[in-house]
Amino acid sequence: MQSLIDFKNSLNAQQYDAVVSTEGPHLVIAGAGSGKTRVLVYRTAYLVDQGIDPRQILLLTFTRRSANEMLERAASILDERCRNVSGGTFHSFANLILRRYADRMDLSPHFTILDDSDATAIIARLRAAKGLDKADKKFPRKNTVYDIISKSVNKCTDVADIIYDEMPQFEPWIETIEDIKEQYMVQKRQMGVLDFDDLLISLRNLLQTRSDVRQALSQQYRYIMVDEYQDTNRIQAQIVRLLADVHDNVMAVGDDSQSIYSFRGALFKNIIDFPDVFPGTRLIKLEENYRSSQPILDLTNEVVSCAQEKFDKILFTRQEGSRRPVYRDVMNETAQSEYIVSKIREMQSRGTALDDIAVLFRSGWHSNYLEIELSRWGIPFVKYGGQKFVDSAHVRDIVAYLKILQNPSDQTSWMRVLTLMRGIGPKTAAGIAQAAAEAGSCRACGTISVKQASVRRLLEFVSRIDSRTQSPEEILDLTLQFYYPILVDQYDDYDKRGNDLESLQKIVKDYDLLENFLADITLDPPEQSVLKARERGKAQKSLVLSTIHSAKGLEWDTVFLIHLCEGQLPSYRAFDDQGAIEEERRLFYVATTRAKRHLFLLRPQMLPQRGGQGPSASPYTRVSRFLGEGRILDLLVDIEHRRPSIDERPRSGGWHSGRKRDMLTDYFDRTESCLDDW
DNA sequence: TCGATCGGTCATGGA
DNA sequence: GACCGATCGA
């Protein structure tokens with residue numbers, strides 16, 4: 001068959017090798033910007049072009065967004081058949097398979113998925129039920145408890161191990177926490193709900209224990225590709241192994257230098273172990289960088305070489321370019337924001353499109369000031385990462401109603417919905433939630449007898465809905481009608497919140513099953529600012545603000561990296577753990593490698609104090625250690641600082657190429673002495 | 001039993 | 001800003 005695509009000339013030798021090697025296990029080590037996405041896209045197209053049924057191809061990625069984008073691109077270079085490829089995250093894949101095989105594993109096919117806040121709400125109740133003594137003042141909070149439990153699950157280890165290793169301050173309560181974990185597991189089972197971790201665990205168990213299912217799935221998915229393999233955890237690696245049971249046709253793609261999810265149990269050792277798990281693995285290395293200019297690449301190579309556990313890998317490029325990355329001290333967040341705005345306006349006037357520029361940061365709140373400044377200047381932006389649209393109270397309220405309608409045993413959602421009512425507290429709510437769960441169906445809820453008229457109305461409402469026959473759109477409309485008076489009663493800014501609920505109505509139109517809508521909103525929550533941007537009109541291009549984590553796999557012409565201070569990047573939470581510092585450095589690496597032509601590194605000299613950081617807390621910051629390592633400073637330039645302004649530099653001094661290191665040392669010393677003075 | 005209020009403590013990343 | 005325990009009046 002003659003292909004319409006010239007694969008050979010669209011790819012370099014290594015990429016081509018990876019694309020046409022369709023049989024047997026392959027490990028692709030792909031440096032940043034080396035065209036790893038391109039390989040996955042072309043390989044998908046190649047397989048389909050070879051006549052392989054797209055439904056036999058499975059593409060597992062880190063976010064749903066990247067899976068969709070890749071399939072879109074594959075479809076655009078080949079044809080529409082590529083859209084039938086199965087693509088998504090491990091979690092969404094698990095969701096799909098578990099519903100299909102629920103009957104084999106003592107699980108309702110209509111299970112609901114717990115998001116973080118549902119999960120921590122359960123923990124909070126269990127925690128409260130323990131009735132902690134006064135001596136237990138320092139018992140971890142619900143989020144921390146959940147964190148410990150989730151980590152122990154993801155790392156396949158004990159609660160005790162996690163606490164000894166990472167949070168020794170909670171040692172006195174190991175047993176209590178283990179106990180809470182136990183009860184948490186039991187409650188989830190009773191409620192017919194799964195949390196994020198359960199999705200993976202249950203899928204693995206299904207594949208492990210049911211050889212018929214394992215073989216059926218392995219036959220179905222003959223060609224498996226896994227993106228971002230360095231960020232998979234142990235369970236995910238096991239799932240891959242089991243899925244490839246009958247054919248070993250797996251291509252894992254990854255870059256150990258970009259592993260940034262160990263907080264979620266990711267194990268970049270999975271990459272190293274891959275050849276052992278899949279004997280006969282062929283290793284393919286992609287080392288030519290197609291993204292960044294040489295000066296930027298020099299910097300990022302230097303960052304990697306400062307890493308403690310490094311694998312020899314130096315990227316090279318043929319991209320010309322002479323502009324070195326810029327380092328700049330700014331007085332505070334306001335100055336930082338003003339600097340970015342002025343630069344952006346300058347670049348825009350030179351013809352750079354707004355969506356070719358990104359501002360990256362370690363934590364969601366780092367961009368707060370900037371967002372205000374951008375709004376003032378009327379510069380449109382979308383923000384990825386941080387607080388999500390679905391995290392707002394009123395959206396969660398609605399989702400709780402829908403979850404009840406989908407799964408009346410979901411007591412957590414009952415609790416939320418019931419306590420919204422005046423005069424109903426935790427005690428009363430728990431009783432009713434219990435009764436509702438026992439009733440077992442929405443219809444049966446109508447027969448529960450209660451005193452409160454408001455609750456009677458709720459139960460009656462629930463009993464009238466049938467989530468199996470009514471459309472999600474219809475159900476949401478009825479729910480909103482019921483909820484609206486409560487919204488007005490609960491929140492004084494109800495009109496603003498009402499707008500969000502309208503966005504929800506727009507999203508729900510795409511679904512014909514409530515359970516799919518609910519699964520998606522939990523597994524792939526829409527970003528608020530993206531929704532807003534969509535409403536503003538598609539033609540409008542927007543600046544991108546993103547956490548570094550959410551920027552993984554993306555690239556921009558110009559990148560600003562902000563808040564480069566000790567305590568921000570690296571996060572102060574990593575200070576006393578070398579392994580965690582290494583991960584922070586990889587974050588720095590991921591951030592700097594996003595830039596194609598222009599990279600700006602910014603550091604505010606002062607940040608508002610955020611309490612709880614000891615008596616030495618001071619508004620003066622110290623520059624991030626990552627800028628002082630190796631030859632990093634020699635690779636940066638501060639062209640703006642030939643004439644330092646009093647405004648921005650409280651003390652005189654400029655950055656000149658020969659003396660940069662000394663200047664930085666001076667800077668450290670001076671900031672130190674400021675600390676002393678404080 | 002509910003809900004309002006107050007003071008102390010801590011604050012990352014996201015499927 | 002949110003979370004948590006404590007307290008108090010209804």
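Note that these values count all heavy atoms, side chains included, but never hydrogens, waters or copies made by symmetry. Labels below follow one simple rule: chain letters A, B, ... track the order of the sequence lines, proteins then strands, and each chain is numbered from 1.
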Between CG of Leu602(A) and CZ of Phe560(A), what distance do you get to the nearest 0.5 Å?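 The CZ atom of Phe560(A) is 7.0 Å from CG of Leu602(A), to the nearest 0.5 Å.
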Starting from [atom2] on [N], measure out to [atom1] on [X] and report it in whole angstrom.
X: Leu199(A); N: dG14(B); atom1: CG; atom2: C1'; result: 14 Å
X: Lys138(A); N: dC3(C); atom1: NZ; atom2: C1'; result: 16 Å
X: Arg141(A); N: dT12(B); atom1: CZ; atom2: P; result: 11 Å
X: Trp365(A); N: dA2(C); atom1: CH2; atom2: C1'; result: 16 Å
X: Arg422(A); N: dG3(B); atom1: CZ; atom2: P; result: 8 Å
X: Asp489(A); N: dC2(B); atom1: CG; atom2: P; result: 17 Å
X: Asp147(A); N: dC10(B); atom1: CG; atom2: P; result: 16 Å
X: Leu607(A); N: dA11(B); atom1: CG; atom2: P; result: 17 Å

Check [Y] with [X], please: is the shortest side-chain N to carboxylate O separation under 4.0 Å?
X: Glu166(A); Y: Lys155(A); result: yes
X: Asp231(A); Y: Lys552(A); result: yes
X: Arg64(A); Y: Asp520(A); result: yes
X: Lys36(A); Y: Asp227(A); result: yes

Would you indicate, yes or no, if [N] has its OP1 or OP2 atom less than 4.0 angstrom from a side-chain nitrogen or oxygen of [X]?
X: Tyr384(A); N: dG14(B); result: no
X: Lys142(A); N: dC3(C); result: yes
X: Arg65(A); N: dG14(B); result: no
X: Ser92(A); N: dA15(B); result: no

Tabulated below should be each protein N or O lying under 3.5 Å from an N or O of nucleotides 8-10 of chain C; please produce it.
none

If you look at every strand shown and take non-hydrogen atoms under 4.0 Å, does [X] touch a base, only sugar-phosphate, or nothing?
X: Ser550(A); result: sugar-phosphate
X: Thr63(A); result: sugar-phosphate
X: Ile260(A); result: nothing
X: Arg64(A); result: nothing
X: Phe90(A); result: nothing

Ring center gap for [X] and [Y] short of 6.0 angstrom:
X: Tyr261(A); Y: His549(A); result: yes
X: Phe93(A); Y: Tyr221(A); result: yes
X: Tyr369(A); Y: His563(A); result: no

Go through the structure and list residues passing side-chain contact (heavy atoms from CB on, under 4.5 Å) with Arg65(A), not counting sequence neighbours.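 Counting only residues at least two positions away or on another chain, Arg65(A) forms a side-chain contact (heavy atoms from CB on, under 4.5 Å) with Thr63(A), Glu69(A), Tyr384(A), Leu554(A).
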Taking donor-acceptor contacts at under 3.5 Å, does the side chain of Asp116(A) reach the base of dA15(B)?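 Such a pair exists between side chain and base.
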Measuring from the side chain of [X] (C-beta onward, heavy atoms only), which nucleotide among [options] has the closest atom?
X: Arg573(A); options: dA15(B), dG14(B), dA11(B); value: dA11(B)
X: Pro426(A); options: dA15(B), dC2(B), dC3(C); value: dC2(B)
X: Arg362(A); options: dC3(C), dG13(B), dG5(C); value: dG13(B)
X: His549(A); options: dA11(B), dC4(C), dG13(B); value: dG13(B)
X: Phe196(A); options: dC10(B), dG13(B), dA15(B); value: dA15(B)

Taking for each residue the nucleotide of DNA chain B bearing the nearest heavy atom, is the 5' side occupied by Ser571(A) or by Thr428(A)? Thr428(A)
Here's one to test your reading of the geometry: is the NZ or CZ of Arg497(A) within 45 degrees of the ring axis of Tyr491(A) and under 6.0 Å from its centre? yes
Cationic tip of Arg127(A) within the cone over Phe139(A)'s six-membered ring, i.e. under 6.0 Å and within 45° of the normal? no
Are dG13(B) and Phe263(A) stacked, with the base six-membered ring and the side-chain ring centres under 5.5 Å apart and planes under 30°?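 It does: the ring sits over the base of dG13(B).
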Output the pairing pattern of DNA chain C as a dot-bracket string, 5' first, Watson-Crick or G-U wobble with both distances under 3.5 Å, | for cross-strand pairs, [ ] for crossing pairs. ||||||||||
